[in-house]
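Working notes for the structure below.
Predicted model, so just to flag it, every value in this text is computed and none were measured.
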Amino acid sequence: MLRARRYRVLFIFAAAFVLTFFHFARSRDWSSPAVEESISIHPADPYPKQPPTPNSDVAVPIESTQKVTEPYRGSTPPSTEKITSPVGPSSGSKEGSNRLKDASDRPPSAIAHTDSDHKDPPKIPTVVESTAKPPHASDEEIDNGGGGRIPVDRQKTSSPSARWSKFPERYPVPAAEVIKLPKQQSKAIPKLQAKFKDESSSNKQERLQRLSAIKSEFKHAWQGYKQVAMGHDEVKPLSKESEDPFNGWGATLVDSLDTLWIMEMKDEFSEAVDAIKKIDFKTSLREDIPVFETTIRYIGGLLGAYDISGHRYSVLLEKAEELAEILIGAFDTPNRMPHLYYRWAPEFVAKRHRASSRAGLAELGSLSLEFTRLAQLTRQDKYYDAIARVTNELEKFQDSTSVPGLWPIRVNAQGCTRYKSQRNGSPADEERPASTPKPSTTRTRKAYAAPTDVESYMNLINRDQSPVSEQTAQRANGTSSSDESYIQARKQTVLADQCNGGLELPLSAASNKYSLGGMADSTYEYLPKEYLLLGGANEQYQNMYTKAATAARKNLLFQPMVKGGRDIRFMASTTPITPGKPAQLTPADFEYEGHHLTCFVGGMYALGAKAFGIEGDMELAAKLTEGCVWAYESTQTGLMPERFRLLPCEKGSACEWDQARFDAGVARYSRVDPEAGPQFRNGEDTYGQRLKLNAHEAPQESENRMVPVPMPGSLNPHDTDVISKRDGFAVGKRAEPSSSAASAAATPVGYGLENRDAPHSSSAPASPQVAAVGKDHLPAGMISIPQPNYYLRPEAIESVFIMYRLTGDETWRRKGWQMFEAIARYTRTELAHAAINDVTAQKPSHKDTMESFWLSETLKYFYLLFSDPSVVDLDKYVLNTEAHPFLRPV
């Protein structure tokens, strides 16, 4: 008896362990050490033949047949699944050297994403394949992000079996509450363009010769596209193939249309219009539509061509409205914030939609010009209402961010989650109201490591036995549970209708960064331009711009130390800031860098200075534009790198050149592990992130070897599905923080937060390793060049063009011509033009990509710089972020 009492505790422990083991063995697959939480339910009824009623609010998960494949053996891979849907096969992105073997034919939007911020990434998640039945129309579709650029291989992908269909809105705006397009007479806006002097005959002859040379380069690129890729999105200039990263509707064709008209290539314009008539926007080989990229390239291109051609081609407006009718469904969410990666097929359109909890700022705030112009031309207020509601939320949110006046690069647009501070000050987890838990889907949910002790098992059991989880588990295992009780539980817990709040700070500190560059740029750019397009009828945009320009001027503006005493300026970015009250920023909270994507700010400040009469900002605009011109002139190729680091001068100082300080700055980013190999260069860790080597920080060392220090929230190398025009570091899915320097070292360079905007080729993907930039190749002033690429970008020449048109100063034309000569010399290929791998190399190599903005923007801005100022007069037109000209109201 005494012995029995002595071992009583042991017996209880063993019994609890056995019961727990049988509980998990019955309900979970133990083929992988990671535990996958999933739901598999028989639908109450099949996919409805009739459109659902708007008041349907019950989300019914769907059945799936799962097949467990070989677990992925990478360092910190994401949890993924492959779904075969009635939509038809679709090919995902082929980018990234470490993708799963079957990823090349995986539908891009079928990859599972999660909104929650995991503290620890799963060690070996299981890849799940499922064959899904058509979902019930009342299921919910949450925007978990997607890819701006996802190439689809037409040769390997059959035609889709589905076509878009319009369904009744679930969250319609009452007619009395529709925000109407301002109808009042336009205000007297100050004239933007300068008064130009009379041109001498010799100057005119030189100008026309340069204009002809620019047009010749455009013709060369257009003929290359027409010869190989007509009707496709892009041409690949090296492999001489086509590529379809933007739904395969002919992005370059539509994007180049108004440039053809401006350059007086009328025969080619007519031919292009005939080709556009054949575009079918109601179907695609890609499962989702990137709303931002589609809006600025397609809708913007169609409306710009319609306006610049004098409204002679009605088909252009008709096609724009056809596409907009599809995209307007993305705004059918409880809070009317758009679903930015919109799944177009009927079984998804029929669902309820909810916006993303980590929406890119530029994607969310850069739809106003296109939808406003469409509303003006069609006289349909619904298009203006859609973007006016986004603007209203941005305005409410503007003063309550961590840097008041500016918005973070990602915002929580879902409307049903709130940031909750933790007592220990660590980044907060997502807090969901009791009535809005994560919806049930066939996708694998958050994976967590299998518990290793009884207490953890008991906690896990308690969590899984919440009312909703219990109901779900019973249904999944086919045990007795009535449909009525299940539906009632779902009604109490999954009501997206309650997610009708506004914009909030991101849930993760890693996304709470502030910048005017990639992921944010065009939201700021559109504020003064929307004011002009509305004829000054809505002062909201002027007020928002004034706050943003003031905040950027106060917090982000800096003067770099360069040789020659050149008085130039750049805009810094903040490092991640813990969401909460306004931050008290110090110099250590900034990244002092130059980005090509940020070079638009010179033109933006110039427009704001003229339109709103802001004293001193025209001088600032010149210094910002001059900074990007300096970056072009500083390299031996005459091309500006994509990203480079600078040394800031103290505000108010003489900012004189200090060779010793420069050498010390270069040394901070060149001390690397001599045995690390080519993945380390200029202080870059394997994620392309900066090493924390500020003046007050010491590098982590182990046996006299430097160890890379990953930044908080660094990205998983497999999150390579978002590549877009403006997203300097766009993210396709939630990245897991690196757990150690060792895991970071196993990941190739080039897939970090700051390296996401690089175009890739599907057949010849760019090398993940960026070419090394030696100390001898560093221009005086750049202490390191993490991204020495040139992607045919337009932002620098855009500001040069605006500065010339608004000042009449001929020096801007001379600087622009010097830029053009260098670009034409190094980017021209036999077929068209190609991006550059390393602008510091003596003989730079090419990338197999030519994005549509090369024809839509870069060459157009060069051409307009040397055109007569009456061509696309800025007092008559507003240019969207893809340089498409929209007529301003008279």
Side-chain angles (χ1 to χ4, degrees), residues 148 360-362 366 406 408-410 513-525 552 555-560 562 568-576 590-605 621 623-635 639-648 669 682 684 688-690 711 722-731 750 752-759 770 773 778-779 781-800 819 835-836 838-840 851 853 857-858 881:
L361 176 63
S366 307
L406 303 177
I409 62 172
R410 288 194 177 275
K513 296 179 63 175
Y514 294 79
S515 168
L516 295 189
M519 285 296 295
D521 46 6
S522 46
T523 291
Y524 297 102
E525 172 193 354
N555 294 290
L556 305 183
L557 186 68
F558 73 97
Q559 181 179 6
V562 297
I568 59 178
R569 297 291 186 275
F570 284 92
M571 287 288 180
S573 321
T574 71
T575 55
F590 292 96
E591 294 174 342
Y592 297 100
E593 297 178 333
H595 289 255
H596 203 294
L597 284 166
T598 315
C599 284
F600 81 97
V601 296
M604 182 191 74
Y605 270 92
K623 293 178 180 180
L624 287 165
T625 306
E626 190 68 32
C628 293
V629 172
W630 166 84
Y632 270 83
E633 296 174 352
S634 297
T635 65
L639 301 176
M640 177 181 178
E642 178 77 356
R643 181 169 74 95
F644 50 91
R645 295 192 179 92
L646 299 160
L647 286 173
Y669 290 100
N682 286 347
E684 290 294 306
Q689 306 283 9
R690 67 182 183 93
M711 289 180 64
V722 173
I723 302 175
S724 58
K725 173 185 182 295
R726 295 282 182 182
D727 297 355
F729 32 85
V731 186
L753 273 173
E754 299 165 321
N755 198 24
R756 299 304 301 262
D757 202 52
V770 183
V773 178
L778 285 173
M782 300 182 189
I783 57 175
S784 78
I785 307 179
Q787 289 180 268
N789 328 86
Y790 173 66
Y791 296 122
L792 306 174
R793 291 206 187 279
E795 289 78 17
I797 189 58
E798 173 185 355
S799 287
V800 169
M819 293 165 59
I836 299 296
D838 185 356
V839 301
T840 69
E851 284 217 47
F853 54 69
E857 294 188 78
T858 310
T881 192

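Atom CD of Glu591 sits about 6.5 Å away from atom OG1 of Thr575, to the nearest 0.5 Å. With rounding to the nearest 0.5 angstrom, the CZ atom of Arg643 is 4.5 Å from the CD atom of Glu593. Atom OG1 of Thr858 and atom CZ of Phe853 lie 6.5 Å apart (nearest 0.5 Å). The distance from the CE atom of Met782 to the OG1 atom of Thr635 is 7.0 Å, given to the nearest 0.5 Å. Taken from CZ in Phe644 to CG in Leu778, the straight-line distance is 11.5 Å, to the nearest 0.5 Å. Interatomic distance, CD of Glu795 versus NE2 of His596, reported as 6.0 Å (0.5 Å rounding).
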- Message: With side-chain contact (heavy atoms from CB on, under 4.5 Å) as the criterion, how do Met519 and Lys513 come out once you've worked through the C-alpha distance, each side chain's angles and the decisive distance to 0.1 Å?
- Response: CA-CA 10 Å; Met519 285 296 295; Lys513 296 179 63 175; over 6 Å; no
- Query: Should Leu406 and Thr574 be marked as a side-chain contact (heavy atoms from CB on, under 4.5 Å) after you check the CA-CA gap, both sets of side-chain angles, and the distance that decides it?
  - Reply: CA-CA 11 Å; Leu406 303 177; Thr574 71; over 6 Å; no
- Item | Intermediate values then yes/no, side-chain contact (heavy atoms from CB on, under 4.5 Å), Leu646 and Phe558 | CA-CA 10 Å; Leu646 299 160; Phe558 73 97; 3.9 Å; yes
- Message: Before you tell me yes or no, could you show the steps for Leu624 and Leu557 under side-chain contact (heavy atoms from CB on, under 4.5 Å), namely the whole-Å CA-CA distance, both residues' side-chain angles and the distance that decides it to 0.1 Å?
- Response: CA-CA 9 Å; Leu624 287 165; Leu557 186 68; 3.9 Å; yes
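For the side chain to side chain donor-acceptor pair (under 3.5 Å) test, no residue two or more places apart in sequence or in another chain qualifies with Tyr790. Legend: residues meeting side chain to side chain donor-acceptor pair (under 3.5 Å) with Ser634, ordered by chain and number and at least two apart, are Trp630. In this view, Tyr605 satisfies the ring pair (Phe, Tyr, Trp, His ring centres under 6.0 Å) rule with no residue, not counting sequence neighbours. With sequence neighbours left out, Ser366 forms a side chain to side chain donor-acceptor pair (under 3.5 Å) with Ser522. Every residue meeting the side-chain contact (heavy atoms from CB on, under 4.5 Å) condition with Thr598, not counting sequence neighbours, appears here in chain and number order: Leu516, Met571, His595, Val601. Tyr524 is linked by a ring pair (Phe, Tyr, Trp, His ring centres under 6.0 Å) to Trp407, counting only residues two or more places apart in sequence or in another chain.
A pairwise comparison of heavy atoms in Ala520 and Leu361 identifies CB-CD2, 3.8 Å as the closest pair. The two atoms that bring Thr840 and Ile785 nearest to each other are CG2-CD1, 3.6 Å, heavy atoms only. Among all heavy-atom pairs drawn from Leu597 and Arg793, the shortest one is CD2-NH1, 3.7 Å. Heavy-atom minimum distance, Ala631 versus Met640: CB-CG, 3.6 Å. Counting all heavy atoms, side chain and backbone alike, Gln787 lies closest to Pro641 at O-CB, 3.6 Å. Taking both residues in full, the closest heavy atoms of Ile836 and Leu639 are given as CG1-CD1, 4.1 Å, listed atom of the first, atom of the second, then distance.
Formation of a donor-acceptor pair under 3.5 Å by the Ser799 side chain with backbone atoms of Thr625 is not found in this model.
A heavy-atom distance below 4.5 Å is found between the side chains of Pro786 and Arg645. Residues Tyr791 and Glu851 have side chains not in contact (no heavy-atom distance under 4.5 Å, counting atoms from C-beta outward).
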